[in-house]
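Every chain is numbered from 1, with letters handed out A, B, ... down the list of sequences.
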Protein chains: 2
Amino acid sequence: MALRHAVLAALLDGEFSGYQLAKAFDLGVANYWYAQPQQLYAELTRLEKDGLIAGREVVQATRPTKRLFHVTDAGLEELEEFTAAAAKPSFIRDDLLVKVQAADHVDLGALIAQLGERAAVAAAKVELFGTLLRGMRGERTEEEFLRQGDRIGPYLTCMRGLAFEQGNRDWCERTIAVLTSRQQAHAPN
Amino acid sequence: MALRHAVLAALLDGEFSGYQLAKAFDLGVANYWYAQPQQLYAELTRLEKDGLIAGREVVQATRPTKRLFHVTDAGLEELEEFTAAAAKPSFIRDDLLVKVQAADHVDLGALIAQLGERAAVAAAKVELFGTLLRGMRGERTEEEFLRQGDRIGPYLTCMRGLAFEQGNRDWCERTIAVLTSRQQAHAPN
DNA sequence: CATAGCATGTAAATTGTTACATGATTCA
DNA sequence: TGAATCATGTAACAATTTACATGCTATG
């Protein structure tokens, strides 16, 4: 039941529809949790049934009718309890790392190509998160914002996302360099 | 079916029992994939049934009988195919980040404590991965090892694990500093 | 003599992924 | 006119987690 709390945390910023949340929890943006649209619609239904969020229909002129949700008092309480309880440790699970683990036994060409793609994706996210951070702090310096801002949660998680993607990018580039030079050494001329 | 390939990749280093793999895929060590013992025993059974690994019984004098597995030719082929296919993008899913996202609405004391715990765990892993890396490269410098070593896959994934945990530790410490100063500012005297 | 480590699993419940389904509007 | 965006779901399947289960040996 962790998605549940991720959704509650996202709804602290205001009212959102399932569709809007789906964009926030998308691979391209999600800086603290990833989830698919289907999961979100299902979770929103459950959360509403349990009274942790409440939704209202918004009929639009040109667009389909949507439902905007916000956190209820019960929802806030649930979040408090969740935050107070011990956090589960984090762990690594990454396809690409599995492939690199097997690097000495497989075709390096395909692997290097995938590392390149991952590096590009990571670099794009670094850009994106940088822009998001600048947008959140506005005119203030980071120090000022973190001292005085009134909604720093998203900023802090975005900082982690940024560092994570920088790490991804740097490691991919380093690994590409290592594997490329070995590829040339073993299959020269 | 990603655990399957993670297990195959792990078995490239030699023969291992389910129990030994369980230690390698444990929270405290896993540098490229995390899995629980139950998952591993189940996956080993499937892999053997599919002919991708083969096991032999080893009767021990004082310890329970164990089964050691190694990758078959079919298993190697499977790994090749997996590595050649496009990798799934990686994503973030972390309880602690969800809690920080909600930082402006919850009790900071408990949150800061959890960030401290996570920082300590991350610092311990930084130590561990550093030791593992030194052990793998032996007398050689990192550059030399990565150029000439004959099993660099595990080294490269361990490098990523190290950087990841450094990122974790640094971010936790920074976040603790930010939240602590705000806690004092909002509830002073 | 209790705890930790060795060694392997089964079963049920929860979560997450993949595929399918619909229908209107805006933009190139 | 075809693709992308808005908007919401259902159903089947795969993966993961949690709880349960056993039994022997070494160590403090």
Starting at atom [atom1] of [X], determine the distance to atom [atom2] of [N], rounded to an integer number of angstrom.
{"X": "A:L40", "N": "D:dA7", "atom1": "CG", "atom2": "P", "result": "15 Å"}
{"X": "B:F25", "N": "D:dT16", "atom1": "CZ", "atom2": "C1'", "result": "15 Å"}
{"X": "A:L27", "N": "C:dT17", "atom1": "CG", "atom2": "P", "result": "9 Å"}
{"X": "A:F69", "N": "D:dA7", "atom1": "CZ", "atom2": "C1'", "result": "12 Å"}
{"X": "A:R4", "N": "C:dT14", "atom1": "CZ", "atom2": "P", "result": "12 Å"}
{"X": "B:L44", "N": "C:dA7", "atom1": "CG", "atom2": "P", "result": "14 Å"}

Contacts of type side chain to side chain contact (heavy atoms under 4.5 Å, CB included), residue A:T131, not counting sequence neighbours:
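Expected list: A:R134.
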Taking only residues two or more places apart in sequence or in another chain, which ones pass side chain to side chain contact (heavy atoms under 4.5 Å, CB included) with B:V29?
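Checked B:V29 against side chain to side chain contact (heavy atoms under 4.5 Å, CB included); matches are B:D26, B:L128.
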Sort and list the pairs that fulfil ring pair (Phe, Tyr, Trp, His ring centres under 6.0 Å) and have at least one residue in residues 64-106 of chain B, not counting sequence neighbours.
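Found A:Y34-B:F91, B:H5-B:F82.
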Angle by which the axis turns from one end of the helix from C:dC1-D:dG28 to C:dA28-D:dT1 to the other, five pairs per end, to 10 degrees:
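Roughly 50°, once rounded to the nearest ten degrees.
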Any protein N or O atoms within reach of nucleotides 17-21 of chain D? Criterion: under 3.5 Å, listing atom names and distances.
unit_1 : atom_1 : unit_2 : atom_2 : d
D:dT17 : OP2    : A:R93  : NH2    : 3.0
D:dT17 : OP2    : B:Q39  : OE1    : 3.2
D:dA19 : N6     : B:Q38  : NE2    : 2.9

Inter- and intrachain pairs under salt bridge (Lys or Arg N to Asp or Glu O under 4.0 Å), touching residues 117-131 of chain A, at least two apart:
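Salt bridge (Lys or Arg N to Asp or Glu O under 4.0 Å) check on residues 117-131 of chain A returns A:D94-A:R118, A:K125-A:E165.
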What salt bridge (Lys or Arg N to Asp or Glu O under 4.0 Å) pairs are there with at least one residue in residues 66-76 of chain B, not counting sequence neighbours?
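Qualifying pairs: B:E48-B:R67.
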List in chain and number order the residues that pass side chain to side chain donor-acceptor pair (under 3.5 Å) with B:D50, two or more places apart in sequence or in another chain; answer none if no residue qualifies.
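Partners of B:D50 under the side chain to side chain donor-acceptor pair (under 3.5 Å) test: B:R4.
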Those residues that, when tested against B:E77, pass side chain to side chain donor-acceptor pair (under 3.5 Å) (two or more places apart):
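B:E77: no side chain to side chain donor-acceptor pair (under 3.5 Å) contacts found.
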What do the steps show when you test B:L115 against B:K99 for side-chain contact (heavy atoms from CB on, under 4.5 Å), and what is the final call?
CA-CA 10 Å; B:L115 284 161; B:K99 296 179 181 191; over 6 Å; no
For A:Y155, give me all partners under ring pair (Phe, Tyr, Trp, His ring centres under 6.0 Å), at least two apart in sequence or on another chain.
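Partners of A:Y155 under the ring pair (Phe, Tyr, Trp, His ring centres under 6.0 Å) test: A:F145.
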Residues in contact with DNA chain D, drawn from residues 53-66 of chain A - heavy-atom cutoff 4.0 Å:
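Per residue number, the list reads A:Q60, A:R63, A:P64, A:T65, A:K66.
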Positions of residues 13-20 of chain A (non-hydrogen atom under 4.0 Å from DNA chain D), listed by number:
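Residues of residues 13-20 of chain A that come under 4.0 Å of DNA chain D are, in numerical order, A:S17, A:G18, A:Y19.
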Run the side-chain contact (heavy atoms from CB on, under 4.5 Å) test on A:L68 and A:Q20 for me, step by step, so that the C-alpha distance in whole Å, both residues' side-chain angles and the decisive distance to 0.1 Å come before the verdict.
CA-CA 9 Å; A:L68 294 180; A:Q20 288 175 297; 3.6 Å; yes
Just by distance, no angles: are the side chains of B:E57 and B:T65 close enough, under 3.5 Å, to form a donor-acceptor pair?
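Result is no, nothing qualifies.
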Contact nearer the 5' end of DNA chain C, comparing B:Y41 with A:E43:
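It is B:Y41 whose nearest nucleotide is closer to the 5' end.
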When the nearest nucleotide of DNA chain D is assigned to B:M1 and to A:P37 on a heavy-atom basis, which residue is associated with the more 5' position?
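The 5'-side residue here is A:P37.
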Closest non-hydrogen atom pair between A:L108 and A:A103, with its separation
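Shortest heavy-atom separation between A:L108 and A:A103 comes out as CD2-O, 3.5 Å.
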Consider only side-chain heavy atoms of I, L, V, M, F, W and Y, link residues closer than 4.5 Å, and tell whether A:M136 and A:W33 are in one cluster.
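A:M136 clusters together with A:W33.
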